[in-house]
Amino acid sequence: MSTPVASLRGPARVVLRLHRRTLWAAGAAVAVGIAGLVAVALLADRAAADLAGAGCTLSSDTSSCFAPARDFVERMIRIDQSLTYAGFALIALPAVVAAFVAGPLIAREWESGSIKLSWSQSTSPAAWLAARLVTSAVPVVAGIVVLSAVLSWSRTHLAYPFPAVWEQATAFGATGTVPVAAALLALALGALAGLLLRRTVPALAVALAASGLVALVLSTVRFHFWPMVKATYPLEGASPAPKWSYVVEEGYVMAGGDPLPVGTCSTSSLNFRECLAGHDVQNYVHYHPASHYWPLQLVETGILLALAALALFAAFRVLRRLHG
């Protein structure tokens, strides 16, 4: 009796053989990406070393430091932009994975008719699908883990005034556990789209759109996944939000905590701040400190994995119906 692992070996070898060029190309792209990120980090270190070697800082007020400081800022702007583009690419990668799985890996077998041959080689439909998903998941997850780790390392080399800001979409969505979970969801969405549509181009387009839509929605609501710190402080006081916090909302409230009535001080002849002080108004701020990075990451990861499980369940149900 063959074991479940043994039943996957044959289909997995077939997938590897059929798509070996794509896998090699993907591996080469990952290697190039890693080399590029390392080069960017080294360039950031070099820019900082050149400024320090000139005996200058950005706060130096001597005329001899103006040119080195300007050169440092320009180089850091370019480096920051490069890392932003790298973050965008890593966030977009799961959508590309979904399109590949839905189209060339799943739907094309129905268009070409090779699915009949695949299912006639003592391979169950479940093993056929599992082999394709596992064969795709291993290199995809490994590549994203490495790229995400190198991107996080590279971002730590950004120097003031371009520090690594954890809440930026290109930082939060491309680091931590979120990109791996997004890739697994993309695999599941790709499989489901391919099985439902069974035509390469429509399946590819739907999987790409579905994965992109999930990423867009989560990026707009992710900072509501964990309770924000809420605080009030005097009108002329300093904000209690610590350094590197992400301010979600801020404004004015009455001293008792009630919202500021609409139109308050809008028609006053007094200075706006003086008018607010006369109404006993306070500032309020809702924020996430940097320590909320991992709670937010883990909650979003859980949501992505739950969606992936649902998509996989639906894919296997569709597969059973097609085979039956």
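Here the CG-CG distance, from L305 to L312, works out to 10.5 Å after rounding to the nearest 0.5 Å. One finds the CD atom of E74 at 12.0 Å from the CD1 atom of I79 (value rounded to the nearest 0.5 Å). To the nearest 0.5 angstrom, T200 atom OG1 is 5.5 Å from R108 atom CZ. Taking CG of L51 as the start and CG of D71 as the end, the distance is 9.0 Å to the nearest 0.5 Å. One distance of note links CZ of F72 with CG of D50; it measures 10.0 Å at 0.5 Å rounding. A distance of 15.5 Å separates CH2 in W153 from OG1 in T175, rounded to the nearest 0.5 Å.
Listed by first then second residue, pairs satisfying disulfide bond (SG atoms under 2.5 Å apart) with a partner in residues 32-87 read C56-C65, not counting sequence neighbours.
A pairwise comparison of heavy atoms in P289 and V229 identifies CD-CG2, 3.9 Å as the closest pair. What you find for G212 and A95 is that their closest heavy atoms are N-CB, 4.4 Å. Considering every non-hydrogen atom in both L90 and A174, the closest pair reads CD2-O, 3.1 Å. Looking at every heavy atom in both residues, V178 comes nearest to G173 through CG1-O, 4.1 Å. The shortest heavy-atom contact between S239 and V285 is OG-CG1, 4.3 Å.
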Worked verdict on R132 versus I106 for side-chain contact (heavy atoms from CB on, under 4.5 Å): CA-CA 8 Å; R132 276 151 180 75; I106 302 293; 4.2 Å; yes
Evaluation steps, side-chain contact (heavy atoms from CB on, under 4.5 Å), between S219 and L216: CA-CA 5 Å; S219 68; L216 178 63; 4.3 Å; yes
Stepwise side-chain contact (heavy atoms from CB on, under 4.5 Å) test for H286 and V247: CA-CA 6 Å; H286 300 167; V247 175; over 6 Å; no
Full working for side-chain contact (heavy atoms from CB on, under 4.5 Å) between L304 and L218: CA-CA 9 Å; L304 289 167; L218 289 180; 3.4 Å; yes
T170 and Y85: CA distance, side-chain angles, deciding distance, side-chain hydrogen bond (donor to acceptor under 3.5 Å, both in side chains) verdict: CA-CA 8 Å; T170 54; Y85 295 148; over 6 Å; no
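In the displayed structure, R198 atom CZ is contacted under 6.0 Å by more than 12 heavy atoms of other residues, nucleotides or ligands.
Taking the six-membered ring where tryptophan is involved, the planes of F172 and W166 are tilted, since the angle between them lies from 30° to 60°. Between F223 and Y246, the ring planes lie tilted relative to each other; the angle falls in the 30° to 60° range.
Under the 4.5 Å side-chain heavy-atom criterion for ILVMFWY residues, no single connected hydrophobic cluster contains both V97 and L204. Transitive grouping of hydrophobic side chains (ILVMFWY, heavy atoms separated by less than 4.5 Å) keeps V150 and F88 in distinct clusters. Residues V318 and L310 fall into different hydrophobic clusters, defined by Ile, Leu, Val, Met, Phe, Trp and Tyr side chains chained together at heavy-atom separations under 4.5 Å. Residues L213 and V96 do not share a hydrophobic cluster, clusters being chains of Ile/Leu/Val/Met/Phe/Trp/Tyr side chains in contact below 4.5 Å. Residues Y287 and L296 do not share a hydrophobic cluster, defined by chaining ILVMFWY side chains whose heavy atoms lie under 4.5 Å apart.
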Under 3.5 Å, which donor-acceptor pairs link side chains of residues 182-197 to any protein atom two or more places apart or in another chain?
none

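In this structure the side chain of M76 reaches within 4.5 angstrom of the side chain of L158, judged on heavy atoms. Two residues are said to be in side-chain contact when any heavy atoms from C-beta on lie closer than 4.5 Å; S154 and V38 fail this criterion. Residues D80 and I77 have side chains not in contact (no heavy-atom distance under 4.5 Å, counting atoms from C-beta outward). Annotation: side chain of I91 is not in contact with side chain of P179 (no heavy-atom distance under 4.5 Å). Taking the side chain as every heavy atom from C-beta outward, R46 and L42 never approach each other to under 4.5 Å. The shortest side-chain heavy-atom distance between W226 and H288 falls under the 4.5 Å cut-off. The side-chain heavy atoms of M254 and Q282, taken from C-beta on, include no pair separated by under 4.5 Å. The side-chain heavy atoms of S136 and L105, taken from C-beta on, include a pair separated by under 4.5 Å.
The aromatic ring centroids of Y233 and Y284 lie 6.0 Å or more from each other.
Here the side chain of T301 pairs no donor or acceptor atom with the backbone of A181 at under 3.5 angstrom. Judged by distance alone, with hydrogens and angles left aside, the side-chain atoms of N283 form no donor-acceptor pair with the main-chain N or O of Y252 at under 3.5 Å. Of the possible polar contacts, one joining the T220 side chain to the V217 backbone as a donor-acceptor pair under 3.5 Å is found. Side-chain N or O atoms of S245 include none that pairs as donor or acceptor with a backbone N or O of A241 at under 3.5 Å. A side-chain donor-acceptor contact under 3.5 Å links Q297 to the backbone of T177.
No hydrogens or angles considered: nothing links the side chains of S60 and T62 as a donor-acceptor pair under 3.5 Å.
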